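Take a look at the structure set out below.
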Amino acid sequence: MAEISHTGHAPPRTGEPPGPARQVDDLSTVQLVERLTDQVTALVRTEIRHGAAEMKGKGARIGAGVGVSGAGVLLLLYGLGSLVAAAVLGLAVALEPWVAALIVAAVLIVVGGTLTALGGRKTKDVLPFIPDDTTHSVQEDVETVKEHWR
């Protein structure tokens, strides 16, 4: 493979982009391409790190919420079970026990179905589970590159 020699007053590539005082007009095409490659690589790596950090933060919040909600749901179920038993026993005083149980079951099905539909709508608001801030930042980066490319 042929080695590229640096001619003129441009220093050899050191892996770091030229300093801010360095004029773009002084750089060769190869050096400009190397600089572009370094900058694009750095930009992509930064965006990936930001996206991963954002997703990690969202995942931690979701995990904590699910854990606390799970414990609450368990206690709620025990409480509701006791209330259901009390409702059935209370209605059984005035009606046949099977009719009392049927009425309580029908009410629970209606309320449960309504809550399930409301929860489904709330869940759709969170989806899709993507890093919104990073996606927006990448779109801005692409637009900036497009504007300066012309």
Side-chain angles (χ1 to χ4, degrees), residues 1-90 101-150:
M1 187 165 157
E3 187 175 313
I4 299 174
S5 65
H6 296 277
T7 59
H9 50 280
R13 184 171 183 213
T14 62
E16 296 180 4
R22 187 74 195 239
Q23 296 296 321
V24 175
D25 296 337
D26 294 341
L27 299 175
S28 70
T29 303
V30 171
Q31 290 169 325
L32 289 172
V33 170
E34 287 174 349
R35 186 176 182 183
L36 176 65
T37 302
D38 291 342
Q39 289 175 345
V40 169
T41 301
L43 177 65
V44 168
R45 286 183 181 155
T46 301
E47 293 296 356
I48 289 172
R49 278 195 309 270
H50 288 173
E54 187 178 352
M55 293 302 287
K56 185 178 179 182
K58 282 187 175 186
R61 288 194 314 264
I62 286 176
V66 167
V68 171
S69 294
V73 166
L74 183 64
L75 293 175
L76 184 63
L77 286 175
Y78 286 137
L80 287 176
S82 297
L83 285 176
V84 168
V88 170
L89 291 173
L102 187 63
I103 291 171
V104 170
V107 170
L108 288 174
I109 288 171
V110 169
V111 171
T114 303
L115 291 176
T116 301
L118 289 174
R121 283 191 217 129
K122 294 279 186 190
T123 303
K124 286 181 182 176
D125 292 342
V126 175
L127 299 176
F129 187 66
I130 59 171
D132 297 324
D133 294 339
T134 303
T135 302
H136 181 68
S137 175
V138 168
Q139 288 171 345
E140 286 178 352
D141 294 341
V142 169
E143 288 301 317
T144 300
V145 169
K146 283 181 182 178
E147 287 175 11
H148 290 89
W149 190 261
R150 295 178 188 143

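Since this is a predicted model, take the numbers as computed values, not measurements.
Between R45 and R49 there is a side-chain heavy-atom pair separated by less than 4.5 Å. For the pair D141 and V145, the minimum side-chain heavy-atom distance is 4.5 Å or more.
Checked by atom type, the side-chain pair E54/H50 shows no donor-acceptor distance below 3.5 Å.
Heavy-atom minimum distance, V104 versus A87: CG2-CB, 3.7 Å. Contact record, A101 with V88: CA-CG2, 3.9 Å, taken as the closest heavy-atom pair.
Atom-to-atom distance recorded for L43:CG and S137:OG is 7.5 Å, nearest 0.5 angstrom. Rounding to the nearest 0.5 Å places OG1 of T114 at 11.5 Å from CD1 of I109.
Of the listed residues (D38, V44, T37), just one forms a side chain to side chain contact (heavy atoms under 4.5 Å, CB included) with T41, and that residue is T37.
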